[in-house]
Amino acid sequence: MAAATENLDEAVEISDGIFWVGTGSKSFLNRNSYLRLFNGGSQNAAMLMDPGPTSDFDTVVAKVVSAAGDIAKVNMLFVNHQDPDVVGSLPLLAKLNPHALFLASEDTWRLVSLNGLQGRDFRPVERFRNMRISLPSGHRLKFIPTPFCHFRGACMVYDLESRILFTGDLFGGIAASGLWADATNWAGIKAFHQLYMPSNDAIRLAVRRIRALDPQPIMLAPQHGGLIQGDLIGDFLDRMEQLQVGLDIIISLNDKLPALIAALNEIIAAVRAVLGEEPTRTVMGYFQPDGSYPAFFALSKEGTVMDIKGDAMESVESLIRAFFRHADVPQKSILKARILRMLLDHNLPPFDMLLEQEGGVAVELLEEVREE
Ligand SMILES: [Fe+2]
Ligand SMILES: [Fe+2]
């Protein structure tokens, strides 16, 4: 198997005839695109999966050309779902490859085709018998829907020869370093799923479908983060099955007051360490009954939070925003990363505002998230 030191500025052959042609390896959320060459038999073919956003087009095409010889050889384009980070460059690729066959679920294509792709040669994967296809080269692919992971029409591709399962956003992670996942990648996978996956029910259904595959995959290749192989597959499937995400977290938040209060007191301690005693005290003062904000919190004499009286999410968000108004850009960046980590540690939602990227937050997050 390939070593951990590949040059990610170039295409990387991850299995015989299968190339990683992704981008953004040094960014917070990288994009993994994959090229599958089907050589042999009566006719060669090449399928590009999840080609990525418009901004990645040049890089992905250069990598595809280096692996396939010519972009014109790509005659199949598959997309897991319709997000811009998956399909942005599809209209450009469609221009370069006017005869390419598009493959996706019907739900996905209904939206993707609105990017000027109506009338293109499209085959809904649901129409293939048993959702499998055999290519003239003898290679076989199986399509496996993962409804609501995270889009209703999301669909994985299982390459039966290589036993690589292309999972789309499922098993995707933030803050990955390098091509291959190790145990430390779980923190970034967890954070990504808590944010983007709607519910544990959706995840369980997908995990069940993965466990039912015969033969079992030897590699999970997601659209973000590291590629997962070996014992990590079983380990991450087990963890994924238990993971509370999206609505699970939001709905249960008011039932999770002790965890939220514990996290809040850690957050306040972190703010005190970064901003100093005075600004922290000033902001906490806003939330006293005579302050300028609603008295969302019951505070002890020492200033620790004893209870949250308002809507849990609204209260915590308004406190964090008030702290941020007293922070300069570097302080805000440090605090965002620390607060995100604390919330995740308590299985609390990583509020969207903490992931708004500015300044050095991506680097901070990368370090914090991987520390777990
Ligand atoms: Fe997505
Ligand atoms: Fe994605």
Side-chain angles (χ1 to χ4, degrees), residues 8 20-35 48-57 59-60 77-91 93 102-115 117 125 143-157 164-177 179 181 185-200 202-203 205-207 209-210 220-228 236 240 243 245-247 349-350 352 355-357 362 365-366 369:
L8 299 183
W20 172 88
V21 291
T23 53
S25 308
K26 295 178 188 79
S27 70
F28 183 60
L29 187 66
N30 72 323
R31 281 83 54 198
N32 295 324
S33 302
Y34 302 97
L35 175 73
L48 181 58
M49 290 175 266
D50 296 347
T54 324
S55 51
D56 289 350
F57 177 73
T59 313
V60 171
L77 289 158
F78 173 84
V79 288
N80 175 285
H81 64 293
Q82 80 292 340
D83 272 354
D85 65 324
V86 179
V87 307
S89 63
L90 219 48
L93 286 162
F102 291 79
L103 295 165
S105 70
E106 286 182 354
D107 282 328
T108 293
W109 187 251
R110 195 173 304 122
L111 295 167
V112 174
S113 62
L114 297 175
N115 293 314
L117 296 170
V125 295
F143 300 97
I144 302 134
T146 54
F148 301 103
C149 283
H150 60 96
F151 172 60
R152 178 193 153 86
C155 185
M156 304 187 289
V157 181
I164 298 178
L165 179 63
F166 299 93
T167 55
D169 279 341
L170 187 67
F171 288 95
I174 52 173
S177 71
L179 190 59
N185 283 59
W186 175 251
I189 294 173
K190 177 177 165 185
F192 181 76
H193 285 68
Q194 286 179 320
L195 268 179
Y196 288 107
M197 294 295 158
S199 81
N200 175 265
I203 288 179
L205 177 61
V207 168
R209 289 181 177 180
I210 295 173
L220 305 182
Q223 194 230 340
H224 306 285
L227 281 63
I228 302 159
F236 285 3
M240 189 62 83
L243 191 64
V245 296
L247 276 174
D352 287 352
L355 294 178
E356 293 157 6
Q357 289 188 43
L365 280 173
L366 203 135
V369 170

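What you see is a predicted model; the values in this text were computed from it and never measured. Whatever order the structure lists ligands and atoms in, that order sets their numbers, starting from 1.
- Between the D50 side chain and the V86 main chain, no donor and acceptor come within less than 3.5 Å of each other.
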Hey, mind stepping through Q223 and D85 against side chain to side chain donor-acceptor pair (under 3.5 Å) and telling me if it holds? CA-CA 9 Å; Q223 194 230 340; D85 65 324; 3.3 Å; yes

Could you pull out every donor-acceptor pair under 3.5 Å between side chains of residues 164-175 and any protein atom, sequence neighbours left out?
from	atom 1	to	atom 2	distance (Å)
T167	OG1	L170	O	2.7
D169	OD1	H224	NE2	3.1
D169	OD2	H81	NE2	3.0
D169	OD2	H150	NE2	2.8

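- By the salt bridge (Lys or Arg N to Asp or Glu O under 4.0 Å) test, D107 pairs with R110, R152, sequence neighbours left out.
- Excluding waters, the set of protein N, O or S atoms lying under 2.8 Å from the Fe ion (ligand 2) comprises D85 OD2, D169 OD1, Q223 OE1, H224 NE2.
- Evaluation of the side chain to side chain donor-acceptor pair (under 3.5 Å) rule for N80 yields no partner, not counting sequence neighbours.
- S89 contributes a side-chain N or O that, together with a main-chain N or O of G52, makes up a donor-acceptor pair within less than 3.5 Å.
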